[in-house]
Amino acid sequence: MKVLKFGGTSVGNSQSINSVIEIISDYLKRKEKITVVCSAMSGVTDDLINVAKKAAKGDETFEENFLKIKEKHLTTLNDLITNSKVEKPKIFVEQTLQELYSILKSVFLLKELTARTLDKVMSFGEYLSCYIIAETMSTRGIKCEFLDARKIIKTDEQFGNAKVNYEVTTKLIKEYFSKHKKLQIITGFIASTINGETTTLGRGGSDFTASIIGAILNVDEIEIWTDVNGIMTADPRKVQNAFPLKAVTYEEAMEMSHFGAKVIYSPTLLPALQKKIKIRIKNTFNPSFKGTLILPREPNIKFNMKGISSIDDIHMLQVEGSGLIGIEGISARIFNALAKEKIRVLLITQGSSGHTICLAVFPSDSIKAKRAIENELKLEIFEQQVKRVEIIENLSMLAVVGEDLLNTPGVPGMVLSALGQNGINTIAIAQGSSQLNLTIVIKKEHLKKALNVLHDELFSARKL
Ligand code: ADP
Ligand code: ASP
Ligand code: MG
């Protein structure tokens with residue numbers, strides 16, 4: 001059996017949904033056993049977040065946003081089912097949207113939007129898209145069932161980014177699939193607590209849904225169908241010459257997605273890796289192309305540099321002071337203080353003189369991080385051993401990713417001289433101890449040029 005997951009752009013309108021149904025039909029014609037996971041229509045999750053936030057501000061124009069969401073789904077349904085069979089699903093979609101409207105109206109009246117309510121609001125995206133796809137397939141004679149993943153994936157109560165309870169989920173998935181033999185069209189991204197409250201698995205989480213189900217059912221392969229030809233050497237929207245890779249390891253894929261490559265959501269890799277299930281990234285709009293295979297490392301395959309990813313917006317925190325050298329366990333204290341506040345540190349560098357420690361964080365975390373560090377070092381700051389923490393803004397971070405990066409001689413040199421020759425200053429540089437990435441911080445205004453320059457330098461001569 002295979003799990004096929006179709007992302008937002010693959011189900012973004014009636015035309016692309018027709019392409020998806022064609023791909024599914026081809027599998028069925030070949031008598032391959034599959035189960036299908038789909039995302040919300042592209043843009044819908046963002047639209048749902050925005051409409052909920054607007055309602056929470058007491059802005060009555062939220063109704064206009066709601067109507068746009070409603071129209072998008074009803075139009076798609078009408079385009080897909082053009083005969084009288086549309087009546088029943090139309091009533092169901094309208095009733096579902098009415099339920100969404102009632103929730104938004106309460107948010108508007110109370111002027112309050114909790115993470116719990118936002119998860120409920122977001123869940124309508126996957127719920128509606130999958131229902132519409134399953135109904136369309138049924139009316140075309142393809143036997144299938146719509147499956148709301150809240151029935152089979154159980155999580156904790158961390159709304160917005162819930163953690164899966166594998167013990168319960170494994171039992172539920174095995175039980176469900178042993179009784180339901182028809183093709184399942186499953187909602188990605190959404191899950192529920194043991195008490196049945198809606199949760200979500202983090203943005204981009206439909207990939208993760210596919211991997212959870214695939215690992216528990218021990219499938220032969222997980223296919224992630226998207227709008228590009230696979231994992232590419234860089235984000236094709238930013239680097240013109242980016243090209244698709246034939247194969248990458250789980251670790252490389254994880255590293256690239258950690259550093260901004262949205263093509264796969266990084267938690268997805270873990271369940272597949274644990275069961276050694278291969279993941280293939282495929283293009284819905286170019287289905288005959290082989291795509292990229294994510295697989296365990298095989299000793300006879302040479303893996304070198306695989307790609308360049310970027311996080312476009314970061315802040316650096318500079319902790320500086322002559323006294324820094326003498327403070328025992330300073331890095332550990334800083335890390336602990338940040339961990340307590342649940343702040344993700346993207347990079348850390350410490351000069352050999354020990355006078356300065358630099359940390360990169362997401363902009364939304366920088367003030368909280370500054371406070372946490374200053375609070376931890378308040379005595380040292382008071383005694384003027386350490387200066388107050390400085391925040392440097394308008395920065396980007398790029399990472400060259402590949403197994404054996406360190407075994408490829410001269411990579412850091414090549415990277416730095418290519419940047420230098422093009423007038424791009426490096427603000428900080430770090431090589432991950434995993435030997436999987438070389439990370440560089442530059443000014444945001446230089447990002448696009450830096451990505452293209454480095455791509456030409458490192459990848460122009462080869463197709464890996
Ligand atoms: P889906 O809706 O199918 O989940 P996403 O938008 O989440 O698709 O991810 C696919 C997008 O990821 C591509 O359209 C591409 O712009 C972007 N992307 C960023 N980095 C890379 C990369 N290295 N390789 C491929 N795509 C990338
Ligand atoms: N619809 C969700 C999102 O936009 C999940 C996904 O598409 O993977 O984040
Ligand atoms: Mg995605």
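Start at 1 and go down the list; that is how both ligands and their atoms are numbered.
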Student check: side-chain heavy atoms of [X] and [Y] closer than 4.5 Å:
{"X": "F159", "Y": "T200", "result": "no"}
{"X": "L77", "Y": "P89", "result": "yes"}
{"X": "S396", "Y": "K443", "result": "no"}
{"X": "T76", "Y": "N13", "result": "no"}

Heavy-atom donor-acceptor pair, N78 side chain to H73 backbone, under 3.5 Å: no

Side-chain donor or acceptor of N422 paired with backbone N/O of I424 under 3.5 Å: no

Among all protein heavy atoms in this structure, tell me which lies nearest to [atom], with the distance rounded to 0.1 Å.
{"atom": "atom 8 (O) of ligand 1", "result": "T226 OG1, 3.2 Å"}
{"atom": "atom 12 (O) of ligand 1", "result": "V263 N, 3.5 Å"}
{"atom": "atom 17 (C) of ligand 1", "result": "R237 NH2, 3.6 Å"}
{"atom": "atom 15 (C) of ligand 1", "result": "D235 OD1, 3.8 Å"}
{"atom": "atom 13 (C) of ligand 1", "result": "D227 OD1, 3.5 Å"}
{"atom": "atom 2 (O) of ligand 1", "result": "G8 N, 3.0 Å"}
{"atom": "atom 24 (N) of ligand 1", "result": "M232 N, 2.9 Å"}

Derivation of the side chain to side chain donor-acceptor pair (under 3.5 Å) call for S211 and T268: CA-CA 6 Å; S211 180; T268 308; 5.8 Å; no

Structural part of V228 in contact with ligand 1, heavy atom criterion under 4.0 angstrom: side chain

Side chain, backbone, both or neither: the part of K262 lying under 4.0 Å from ligand 1 by heavy atom: both

Would you say [X] touches ligand 2, if touching means a heavy atom closer than 4.0 Å?
{"X": "G204", "result": "yes"}
{"X": "G188", "result": "no"}
{"X": "E126", "result": "yes"}

Option with minimal heavy-atom separation from atom 25 (C) of ligand 1, where the choices are P244, A261, G230: G230

Any N/O pair D207/ligand 2 closer than 3.5 Å: no

Candidate pair N65 and K54, rule side chain to side chain donor-acceptor pair (under 3.5 Å), full reasoning: CA-CA 9 Å; N65 298 54; K54 215 175 197 189; 3.0 Å; yes

[X]: numbered ligand 2 atoms lying under 4.0 Å from its heavy atoms:
{"X": "T45", "answer": "1 (N), 2 (C), 3 (C), 4 (O)"}
{"X": "R203", "answer": "3 (C), 4 (O), 9 (O)"}
{"X": "S39", "answer": "6 (C), 7 (O), 8 (O)"}

Check against salt bridge (Lys or Arg N to Asp or Glu O under 4.0 Å), E223 and K2: CA-CA 7 Å; E223 293 188 349; K2 283 183 183 167; 3.7 Å; yes

Is the closest heavy atom of [X] to ligand 1 under 4.0 Å?
{"X": "A242", "result": "no"}
{"X": "K5", "result": "yes"}
{"X": "P236", "result": "yes"}
{"X": "A234", "result": "yes"}

Is it the case that over 12 heavy atoms from other parts of the model lie below 6.0 angstrom from the [atom1] atom of [X]?
{"X": "Q240", "atom1": "CD", "answer": "no"}
{"X": "E94", "atom1": "CD", "answer": "yes"}
{"X": "K105", "atom1": "NZ", "answer": "yes"}

Aromatic centroids of F189 and Y265 separated by under 6.0 Å: no

